[in-house]
Every structure is written in structure tokens, then in C-alpha cells.
Number of protein chains: 4
Amino acid sequence: MKSEKKFSRRAEARPDELLDAAMAVFAEQGFAGAKMEDIARRAGVSKGTVYLYFASKEALIEGIIQRAVAPIASGALPQLAAFEGDPRLPITMLLKTIAGLLSDPAKLAIPRLFLREGMNIPGMADIYRRDVLDKAMPVLTGLVERGVASGHLRAVDPDLTVRSIVGPLIAHVALSEIFGIRPEDGLALDRLIDNHIDILFGGLAAERSDGTP
Amino acid sequence: MKSEKKFSRRAEARPDELLDAAMAVFAEQGFAGAKMEDIARRAGVSKGTVYLYFASKEALIEGIIQRAVAPIASGALPQLAAFEGDPRLPITMLLKTIAGLLSDPAKLAIPRLFLREGMNIPGMADIYRRDVLDKAMPVLTGLVERGVASGHLRAVDPDLTVRSIVGPLIAHVALSEIFGIRPEDGLALDRLIDNHIDILFGGLAAERSDGTP
Amino acid sequence: MKSEKKFSRRAEARPDELLDAAMAVFAEQGFAGAKMEDIARRAGVSKGTVYLYFASKEALIEGIIQRAVAPIASGALPQLAAFEGDPRLPITMLLKTIAGLLSDPAKLAIPRLFLREGMNIPGMADIYRRDVLDKAMPVLTGLVERGVASGHLRAVDPDLTVRSIVGPLIAHVALSEIFGIRPEDGLALDRLIDNHIDILFGGLAAERSDGTP
Amino acid sequence: MKSEKKFSRRAEARPDELLDAAMAVFAEQGFAGAKMEDIARRAGVSKGTVYLYFASKEALIEGIIQRAVAPIASGALPQLAAFEGDPRLPITMLLKTIAGLLSDPAKLAIPRLFLREGMNIPGMADIYRRDVLDKAMPVLTGLVERGVASGHLRAVDPDLTVRSIVGPLIAHVALSEIFGIRPEDGLALDRLIDNHIDILFGGLAAERSDGTP
DNA sequence: CATGAATGAGATTTCATTCAT
DNA sequence: AATGAATGAAATCTCATTCAT
């Protein structure tokens, strides 16, 4: 007859709270450097409780990935996949959308974590391959393919071109990881994207009034 | 007659041998996952010997960085800095040279390691900033600046443009890290660069004979 | 049915149990020679558990000191400080009390440990200075001072005299340390104190009925 | 035929130089804390050379002890042993001589080292017992015995009285070890001895001309 | 004689995981 | 469901000692 639990003890919110806490600690300390104790404390529970929901430290990082990657498939991807017409529009939108997301340090932390821990966590590569390479890439490639087919784009290799399109964004994440760039650079990212789109679609070379490249 | 010396006494070669071994083990296991024992064994010495030359695990990674970064400053950079004329030539050469280097897995491992351990190692960021950001970037930026001034390039922001130029290469390293891409992709990298240069200088958009952007 | 618990969960008793075990091992092996493993085993726990309560080996010895020194201040000292009258009485009592304590090998081990590890442990000197020199010494010095003032004692330097009073006791601890004297000497200590008190108050010289000092 | 050694490479001075260096390092770092490397460097030789003269770290400390203790037996002891007459004179001289020695930090370091490492070094106790307890103590005890027999001293227990005589000196060494007292206290030691001798021979109690004990 | 590079057992400390409560 | 005390394997680093030169 000690204390009467008012409601449910919020058991369903726990996994998400734990992933949030884990994300924060991983971002700060890296995977190897993160202590279960810290994660538990940040989530406001005890060490033992973490194990009630996640079987191991690795299960935590897999949970983070799953949660972050899941919405992508059901989000913008289908729209992009279905798009018809000049692909420069969706490409621009996509780049700006991603840039917007990456301006939020909390969101930037996720790909930075992926980058940092990359192959360290067994199974990480598979998740990536399954959810990113095999789902997202074909959509972008298809966009370029249709652009080339429809005459909106020059005759380029779609696979390789996708890398030129998203390269600077990935590089931005990589460099922000390496140099620990902080929030105030959000603006710079916008300008980076503008400049990149400009070059991407217009080329770096000056006038080609003569006709040939 | 294989000479059964218990140890071999090669004080001068040791630091390099140890850095080679450390590099290999770090590339395989990551910094945190690498055991001093493994590094020692791969170098063919005992644990203690490693500490004879490097005071700690961190001193090893710093040694690797120093050794890798040093030649850059005295190598291609001065030539690029002095270049006059159409910058597309040196940019093309630079990208192809780097691509050539990155085709060698042993060389690719170095930037991959930098990427992976990025901010984990204290002092790493400083080395990067000093040797890469402050030395290499101004040279590239200057190249674009002079190209714009001489009319060879369109009027773009030099700083941001440099990122569009090297972005796909950094992204390649990052992705090769994440997906553990192996040697056989060397060829793909060549084609990636060709395609990238094509887009970079010519733009992604089809003919603009009508004059529209 | 001896209850086969893998571990026993006794958070409150642990620190004391660990200090007891540490004390015993330090006394046997010295500070440097004592292994955390041994201390843990003697306390009936695992290595890790020791670190749950004490952050390091040095924290253990500091804990021992604190625990041993604390009661002194709140014990006999105030009584001695307040004493009025012939100081020979409290001095005799003090010496006999201490001698009584030192007859117990377990208690003797503490000052022996202090002696042995003296300045090795950083912070040890401060604790000593704070708790012994600055607290206990002034009380004894005051006792002699008041004895001199009240005419019960000859006109001697109180500070230096205190050393003559306690010197043989400290020497006893020192010698017991050096020669590893064991319990059976308990009796000898009593006789040592009696003899010392006799000389201390009566002097070593024979009759001075002639009046000379 | 490289270089021609001029003379003998001073092989005979080596052991003493090594003991000096070892003494200095032991005094600073304690036995366990002293590194062979440090001892070698301070002696101006290489690690290997130390092992040419002393088989182990323990052999070094034994050498120190032997060298320090040897002169005592052949020095003042015989004179004291043969002394006839009022023992207060030789006792005073002895205390003042020892006090003089202990004022020299280099000499004080030796008994401090003995104290500190006491029983840690196997065989230490034996050396002590043989050279100090069995040689020096009987001489002092005999001095007191003859003093009592000749009526110069009161009827005290000679063995225990010797401890009251030398106690403060040993305590001084012990305390100087514990509190790290430094050279400038040399003077204080002189006054300590004077005060001690005063009490020792005259007693602490005020006038007893009335005849009371 | 002298050197100092090399060895490797061993010590401290950390932390993911378990489990009695 | 939740706790947190306890575990113990594992990792880094130290240093007395050896021995080829």
C-alpha cells in the first residue's frame, strides 16, 4: 500500500526517450566513448532499465538508425520517384530541403554519427545499403535518367552524376564532423547550396557562345 | 640459416614500421578498437617496444597524420599556387592526381582514418586546420579567384566553389568509409572524376543557346 | 542451505569493509606493493567493486587515514585541552592510553602505515598537518605551558618538550616498523612507558640533594 | 682501433657512484618509485651498466645500507664501550654528534630511507638487527648500566632507558620523513637536543628539594 | 666494459552486462 | 517495471631485466 501509480508508468515512451538520450551521448562521445551509465542518466532512468528495452549498446545505435531512416522511405522519396518534367526543380528542392535539415544541429548529428561510426558497428553497413543505397539512390538516378531522356539534361552517366549532385552535401557533413563546425554555419550551408546549384546546372566555364563545350 | 635473433635492434626504421602497423590496424579496427598488442604484433615487436617510440596510442595517430600530411605542403601545392592561365587545367590535373592516389587502398585509408576519428583525438582538429584548411584551401581558392578575374570562369564565390569542386572526392572517401568499398572501385573513381569534371565545367543543363540561365 | 547468492548487496557496510581489507593488505605489503586484486579478494568482493567505492588506490589510503584520525579530535583532545592542575596526571594518562592502543597490532598498524608511506601519497602530508600537527600538538604544548606557568614543571620550552614526551612512543612505532616487532611486545611497551615517565618527571640523574641542577 | 682509452675507465669508482645515485633517487622517489633508468642516468651511465655492478634493485639498497652502517662499528662505538666515569658526558656527546649528522640532509636521508622502506626489502631486517640492535644497543645499554652501578644514574632499566634517550632523535627522523621537514630545521634539532638532555638528566618536575619523589 | 633497444609479466582502471531486490 | 550493486574481462601503460652489439 505504498504508493499508487497514478497512470501507466509511460512504458511506451521509453524506447524513444532512450534513443534520444543515446543519440545525444553518441554525438558527444562517439559510440565507443559513450557509457551506458551516461545514456541511462540522461534518459532519467537507471542502467538496468536501458537493458529492459535494448539488449546492448549496439542495439541502441541500430535503433537510432532505424528511427532516422524509416521516414525517408515514406516521405519525400515517392514524390521524387513519380516526378515528371524538368528534374532541376525537384533536385533543387531536394538539395534545399536537405540543407534545411542539416542546419539543425540535432539533425546534422545523425549523419555525422553514421559517418563517424561507419563500419565499426556490425550490421551498420547492411542497414545503410538496404535503406539508403537501394532505396534513395535509384530514385535520384531515375530522376537524372528521365532528365537526360527528356532532353532537360545533357547526356551524363546518371549514377556518377548523382554523386556530383549530392557530393558537396556529404562533404559538408564530413567536414563539419572533422572540424567540429557549429550551428552558426547554418547560413553558409544555404549559400553553399545556391552556389552549387548554380554551377551544377550552368557549369563552371564561362560563356560558351561558340556553341561547343 | 635464418638467424635466430631474439630481437633485431633497428632503432631508425622502427618509428616508420610502427606507424605502418598502426595505420593498418586503425584502418581495420578503428582507433578505439585497435589494441596496442595488435599493433605491436603486426610490427613484429612487443608491446613495450611500441611505447619506446610512441608515448601513447594517441601519439601513434598523430604520428601517422604528421607523416601523411607533411609531403603535401612541399609537393603539388606550390605549383598550383603559382599557376597562371586557364585554371581548368590545374583543377583537372589536381582532381585526377588525387583520384589516382585514392585508388590505392593504402592511401585511401589515411583520409578515411581522419574522417573516422575526426574529432575524437585531441589536437587532431588543430593539425587539420593548420595543414589543410590554412594551407591547401587558400591555394585552391586563389586558383578560382584568378580564373574568375581572368575571365576563364564565371563569376562564382571562390570559397563555396572550391567545395563544389572537391565535394564529390570527399564524399567518395566518406562513402567508401561508410560502405566499406574496396579496391575494385578504383576504376569507378576515374569515371566519377571524368563525369564530375564534365559537369563542373559544362554544367548539368542542356544547351543554353537560347541565352537563358 | 547456505544461500548461494552470487553477490550480496550491502552498500552501507562496504566502504568500511573495504577500508579494513585495504588496511590489512597495506600493512602486509606496503602501499606500492599492495594489489587492488588482493584488497578486493580480502574484502570478499571483486576488483570492480572496490572502484565503486574508492576511485583509486590513493583514495583508499586517504579513507583509512580519515577514518582513523577523525575520532581523535572529538575524543580525548578536548579533555586534555581543558585540564587544569598538575599536568603530570594527564600526561601520564595520555601516554598510557596511547601505549594501550599501540599494544593492539591492528591499531599499531595505522601509524606504522602512516610512517611507511609518509610522503609518498600526495595529500597525505596535508591531512597530517591539519589533523595532527595543528590539532593535537597545540593541546599538548598548552598542557606543558600551563604546567610551567603554575609551577608544576620546570621552565622548559613547551614545543621541544612535547617531543621529549612523545618521542619514545613515536620511536617505538618506528622501530616496530623497522624490526617488524610483533604482538608479544605489548607488555614491553607498558614497561617502556613506566620507565619513560619515571625519567621524564624525575630526571635520569641521581640524587640532587646538594642543590645543583 | 677507434678510440684509445686513456686510462682505466674508472671501474673502481663505479660502485660508489652508483650507490650515491641510488641513494639520491631512493630518497626522492622511495624504493618502489625509483626507476633503474633514473639511477643510471643520475650516475651518468646506462641502465645496463648498473646491472654490471649490482644484480638487482634490491642489491642496490643493500649496498647502500652496508656502506652506511659499516663505519659505525669501527667508529665511535668502541670508544663509548670503553668509557668509564659519569655516563652523562658520553651520552651528551653522542646525542650532539648524531644531531650534527642529522642536520646534514644528505645524511638524514639514510635513516629516513631505512625507515621508509623498512621491512619491504627482504634481508633489511637482518642487517639492522645484526649491525644496529646487536652492536650499537649493547654499547649504550652498557653505558647506562655502568652509570647506574657507579651511582651516577638512578636505578633505571638500562634497556628501556636507552629508548628514552634516543627516542626523540628517532622521532625526529620519523617526523621529518612524514612531514618532509627541510634543511632549515637543522638549528631546531640542536635546540631540541639541548632541551631533551636537560629534561633527561634533570627531570621534568620542578624542584624536589623537599624530598618528595 | 659499456650500451640501450627490446622484452613481457603485471598493475591499475574502465565499463558493458547481469541479477537479487 | 525498475533499480543499482556487483562482476570480471579486457585494455593501456610501466619498468626491471636481458642481451646483441
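Worth saying up front: this structure is predicted, and the values here are computed from it rather than measured. Side chains are part of it too, since the values below use all heavy atoms of this structure and drop only hydrogens, waters and symmetry mates. Proteins come first, then strands; the chains are lettered A, B, ... in the order of their sequence lines, and each starts at number 1.
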- Task: Under the side-chain hydrogen bond (donor to acceptor under 3.5 Å, both in side chains) rule, collect the residues that match up with D:Ser56, sequence neighbours excluded.
- Result: none
- Task: Measure from the side chain of B:Lys35, starting at C-beta and using heavy atoms only, and say which of F:dA11, E:dA16, E:dT12 lies closest.
- Result: F:dA11
- Item | Residues that D:Phe54 engages under side-chain contact (heavy atoms from CB on, under 4.5 Å), provided they are two or more places apart | D:Pro15, D:Leu18, D:Leu19, D:Ala59, D:Leu60
- Query: What integer distance in Å separates B:Phe26:CZ from F:dT12:C1'?
  - Reply: 13 Å
- Of the nucleotides F:dT7, E:dA16, F:dA2, which one has an atom closest to the side chain of A:Met36? E:dA16
- May I ask you to verify if any side-chain N or O of B:Lys47 is less than 4.0 angstrom from the OP1 or OP2 atom of E:dG8? no
- Query: Please give, in whole Å, the distance from E:dT14 C1' to A:Gln29 CD?
  - Reply: 14 Å
- Assert: residue with more 5' nearest nucleotide on DNA chain F, out of D:Lys57 and B:Glu37, is B:Glu37
- Query: Do the non-hydrogen side-chain atoms of C:Leu113 and C:Ile61 ever get within less than 4.5 Å of each other?
  - Reply: yes
- Item | Separation of F:dA5 C1' from C:Glu17 CD (nearest whole Å) | 13 Å
- Item | Side chain of B:Tyr51 (C-beta onward), nearest among F:dA2, F:dA16, F:dT14 | F:dT14
- Closest listed nucleotide, where the reference is the side chain of D:Tyr53 and the choices are F:dG4, E:dC1, F:dT7: E:dC1
- Does OP1 or OP2 of E:dG4 have a side-chain N or O of D:Arg41 closer than 4.0 Å? no
- In whole angstrom, what separates C:Phe54's CZ from E:dT13's P? 14 Å
- Could you check how far CZ of B:Phe31 sits from P of F:dA11, rounded to whole Å? 14 Å
- So the salt bridge (Lys or Arg N to Asp or Glu O under 4.0 Å) pairs with at least one residue in residues 44-53 of chain A (sequence neighbours excluded) are A:Glu37-A:Lys47
- Message: Which is more 5' along DNA chain E, the nucleotide nearest C:Ser56 or the one nearest B:Gly48? Just name the residue.
- Response: B:Gly48
- Got B:Glu28 and B:Asp38 here, is their nearest side-chain heavy-atom distance under 4.5 Å? no
- Task: Considering just the side-chain nitrogens and oxygens of C:Thr49, establish if one lies under 4.0 Å of OP1 or OP2 belonging to F:dA5.
- Result: no
- With sugar-phosphate meaning primed atoms plus P, OP1 and OP2, does D:Ala34 contact a base, only sugar-phosphate, or nothing at under 4.0 Å between heavy atoms? sugar-phosphate
- Task: Represent DNA chain F in dot-bracket notation, 5' to 3'. Only Watson-Crick or G-U wobble pairs with both distances under 3.5 Å count; pseudoknot-style crossings use [ ] and interstrand partners use |.
- Result: .||||||||||||||||||||
- Message: Expressed as a whole number of angstroms, how long is the span from D:Leu52:CG to E:dT3:C1'?
- Response: 10 Å
- Mind checking what makes side-chain contact (heavy atoms from CB on, under 4.5 Å) contact with C:Ala24, not counting sequence neighbours? C:Arg42
- Item | pair C:Arg67-C:Asp16: side-chain heavy atoms closer than 4.5 Å | yes
- Between atom CD1 in B:Ile39 and atom P in F:dC13, what is the gap in whole Å? 10 Å
- Query: side-chain hydrogen bond (donor to acceptor under 3.5 Å, both in side chains) with B:Arg41: which residues, sequence neighbours excluded?
  - Reply: none
- Nearest to the side chain of A:Val45 - E:dT3, F:dT3, E:dT7? F:dT3
- Rounding to a whole Å, what distance do you find between C:Glu58:CD and E:dT13:C1'? 13 Å
